[in-house]
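Reading through the structure tokens given below for one structure.
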Amino acid sequence: MRILITNDDGVYSPGIAALAQVASRFGEVRIVAPDVEMSSASHSITASRPVTYKHTPLPGLDAYRVNGTPGDCVMLGTTLWEKVDVVLSGINIGANLGNAVWHSGTLAGAKQAALLGLRGIAFSAPATDREQPNFESLKPWVASVLEMLLGIPDLCLVNVNFPAKAPRGTLWTRQSLRHYDGKTVAAKDPMGRTHYWFTVVPVEATEEGTDRWAFEQGYVSMMPLSLDLTDHQALSRVQQLEAWKKLKFA
Ligand code: MN
């Protein structure tokens, strides 16, 4: 099995090395990742300039860096290395739960794989200013999650989040959409000009069964995702309305 590994924290992140080391037990591994941090870059693709692909020495790993986004890395990685079976993205330094799924560059790497007809799995672990994820202690969990997910061939896209402490187990989840957790804060620069910071603030209550709930309860959250963003309920409502109008005015 050929496993391409990317992330949005950049090729030198300790998280990508940890993921690649675990993945090496499952198949042939190659890292293709952004040369600098691309967190919150979401699913952007570099269309207005060319990108480069440079071999990057990482101990014991076959790695390349790209001056682009996670999406670029997967496009280029799967073109320059044929017959990739699965793309793994992460392990991100920071959780990707609920609304963050829309902004996440980590998830975009996995999503790009799914758009190319391959399988994609994103991994994230929480971090604070003081504390980075302990990737060594997460490795056995990465291995058991990989074993489980790779064994289910029709799972095309999965977003995995590890909890802050040693996990109690794994849970299948849905996306938490109850709150938007961002906040815009105004501040002054040294010249007295106003600028703004986009921040992430904790949310209070979360619904049972969601990714954020599992995370808060200390479980590894595994959320299957679909590429189809259609609101099927809304679609059938408006189609019914259309049909009714046609009947009424026929
Ligand atoms: Mn990141």
Side-chain angles (χ1 to χ4, degrees), residues 3-23 29-46 51 56 58 61 63-77 87-115 120-139 141-142 145-146 157-164 175-176 180-183 197-203 211-212 215 220-223 225:
I3 306 170
L4 182 77
I5 308 219
T6 194
N7 74 352
D8 75 355
D9 291 336
V11 72
Y12 301 107
S13 167
I16 201 167
L19 181 55
Q21 282 152 7
V22 175
V29 165
R30 178 179 286 185
I31 291 177
V32 179
D35 58 353
V36 294
E37 185 176 346
M38 282 282 157
S39 290
S40 292
S42 190
H43 205 143
S44 55
I45 293 285
T46 303
V51 293
T56 301
L58 286 185
L61 297 165
Y64 296 82
R65 66 185 188 277
V66 173
N67 57 344
T69 64
D72 295 336
C73 292
V74 174
M75 281 297 288
L76 211 49
V87 174
L88 308 180
S89 187
I91 304 168
N92 188 58
I93 299 177
N96 277 306
L97 300 158
N99 297 298
V101 162
W102 288 96
H103 305 293
S104 170
T106 307
L107 187 62
K111 224 167 358 130
Q112 183 63 35
L115 282 174
I121 306 171
F123 292 88
S124 303
T128 62
D129 286 349
R130 275 149 281 139
E131 235 180 311
Q132 298 283 296
N134 184 338
F135 292 116
E136 266 328 296
S137 65
L138 281 178
K139 278 181 175 177
W141 286 95
V142 175
V145 166
L146 261 183
L157 183 58
V158 183
N159 187 33
V160 178
N161 275 274
F162 295 104
Q175 189 179 9
S176 158
Y180 196 80
D181 61 4
K183 200 173 147 193
W197 289 98
F198 296 128
T199 67
V200 177
V201 293
V203 287
D211 53 354
R212 199 183 291 283
F215 174 83
V220 180
S221 160
M222 302 185 301
M223 178 169 66
L225 292 156

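Order of appearance sets the numbers: ligands from 1, and atoms from 1 within every ligand. Model, not experiment: these values are computed from the prediction. Side chains are part of it too, since the values below use all heavy atoms of this structure and drop only hydrogens, waters and symmetry mates.
- Residues Asn96 and Ser124 bring a donor and an acceptor atom of their side chains to less than 3.5 Å of each other.
- The Mn ion (ligand 1) has no N, O or S atom of Ser124 closer than 2.8 Å.
- Within the 2.8 Å limit, Thr106 places no N, O or S atom next to the Mn ion (ligand 1).
- Looking only at atom types and distance, the side chain of Thr106 has a donor-acceptor partner in the side chain of Asn92 under 3.5 Å away.
- The Mn ion (ligand 1) lies closest to atom OD1 when only the N/O/S atoms of Asp8 are considered.
- With hydrogens and angles ignored, the 3.5 Å screen pairs a side-chain donor or acceptor of Gln175 with a backbone N or O of Gly98.
- With 3.5 Å as the limit, one finds no donor-acceptor pair spanning the side chains of Ser89 and Asn7.
- Residue contacts to the Mn ion (ligand 1): Asp9 brings an N, O or S atom closer than 2.8 Å.
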